[in-house]
Amino acid sequence: MANYYQPEIETMPVEELQALQSERLVKQVRYVYDNVEFYRNRMDEAGVKPEDVKGIEDLYKLPFINKDDLRDQYPYGLLAVPLNDCVRIQSTSGTTGRRVVAFYTQEDIDIWEECCARAIMAAGGTDKDVCHVCYGYGLFTGGPGLNGGSHKVGCLTLPMSSGNTERQLQFMEDLGSTILCCTPSYAANLGEAVTERGLKDKIKLKAGIFGAEPWTEEMRHQIEETLGIRAYDIYGLTEISGPGVSFECEEQAGMHIQEDHFIPEIIDPKTGEVLPEGEIGELVFTCITKKAFPLLRYRTRDLCRLTRKKCSCGRTHIRMTKPMGRSDDMMVVKGVNVWPSQIEAVLLKQGYQANYQIIVDRIGSKDTIEVQVEMTPEMAEDTSVAVPVREKKLVSGLKSMLGIGVDVRVVEPKSITRSEGKAVRVIDKRHLYQ
Ligand code: DLL
């Protein structure tokens, strides 16, 4: 069975890695210029010729592309191979506009699955494992990506897809699942169900690979505790391939970006200026090995920071911090920037679980923000602390985190709808009035 921990690539000295990137970038820019009219026009407009890019130091010369460009080019405008050479499409959910459809050749699929295989191995996976995949299957990349990675590692793969918690638990117990792959919000729900049914000692899970949505360190601890596992983060996006663009190793200290395939940059989202290592900004990716849908300098809208500090796992690939969310997840409420992850951190620190919803509205010209959070069953049983007392404590915690007043409603256990895929945390009713 192939070993998808690839030390010759994953621990390659940085200078060699960058030489490899430069070589691949030069070829890729020429390939894209020759095969995609949209890029040819963009580069001509920017006055950049393929031969101007001689290595990664020239990356900044290329124009950016963004999600609107992808939507405008829907469906075939960015295809760099004849449609006949493509074997698969995947797609974004399209909740915020027209869908983005990404195309893959067989080689693209192989590379993508290899990245997912590396992620599984970095979480301790081997061909002895039973890999329980309950990301959604279908157009969403989560299920197909981790499924392919699990095959490559040689795990016994359970293609569960999302939902039907009873069946998930039954298979987990009967087939001895050892690695769980799903969104962190669904992992938290499974953790809750395991606790309620007293199954913790009956399941054999040891690791989880969770991503596709932002999650906090507090949530990691909670999931690790309830499921008795180590919880690893995995990041990716449909446009760039899917999960596995980056992932955590055993150090759980940032996600290694698969730099032999993707070159990351951090830019100032307002000016587009490339920022030095260590600064927070918008993550931009250039794909240097993709054939069907090769994006150059794609603006992800995800905000994070990069570090090249040595990682004790031995991998040399640069690490990214957990994205704080997309730049478009940030809300401006009462004139202040508010991230759902800040709210989550306060709730979990005060012993709640990640079952909450944030409702933003506008009354007259004033913004309102209400956080509804469920009590845990233990809190509901403990009558010594009244609900208004709990609410007051949360109001104060949120005020010191956000700097604004927030209404809080502590509600009964199980009264907030559970997510099976990406959780919907924010309902911003102000959009209705625009
Ligand atoms: O969510 C791919 C994926 C599937 C990643 C399974 C990890 C696991 P999209 O549906 O295109 O693809 O959404 C991509 O989700 O730009 C981020 O905003 C967000 N995202 C993905 N992974 C993480 C993560 C998949 N680990 C968008 N932490 C990205 C925070 C994440 N946000």
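Both ligands and their constituent atoms are indexed starting at 1 by order of listing.
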Donor-acceptor pair, side chain of Thr11 and main chain of Gly314, under 3.5 angstrom: no
Selection from Gly236, Pro323, Ser341 by shortest heavy-atom distance to atom 25 (C) of ligand 1: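 Nearest heavy atom to atom 25 (C) of ligand 1 lies in Gly236.
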From Asp302, Leu146, Ile234 - option closest to atom 26 (N) of ligand 1 by heavy atom: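 The nearest heavy atom belongs to Ile234.
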Any nitrogen or oxygen of [X], main chain or side chain, under 3.5 Å from a nitrogen or oxygen of ligand 1?
X      : result
Ala212 : yes
Thr92  : no
Asp233 : yes

For the student: nearest non-hydrogen atoms of His132 and Gln168, plus distance: NE2-OE1, 2.8 Å
Any Lys322 heavy atom less than 4.0 Å to ligand 1: no
Non-hydrogen atom of Lys422 closer than 4.0 Å to ligand 1: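 For ligand 1, residue contact (heavy atoms, under 4.0 Å) with Lys422 is present.
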Pair Glu113, His151: side-chain N/O donor-acceptor within cut-off below 3.5 Å: no
Side-chain heavy-atom pair Phe103, Leu83 within 4.5 angstrom cut-off: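 SC-SC contact between Phe103 and Leu83 confirmed.
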Side-chain heavy-atom pair Pro214, Lys322 within 4.5 angstrom cut-off: no
Salt bridge Glu282-Arg299, side-chain N to carboxylate O under 4.0 Å: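 Yes, Glu282 and Arg299 are salt-bridged.
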Residue part near ligand 1, for Thr141, under 4.0 Å between non-hydrogen atoms: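 Side chain only.
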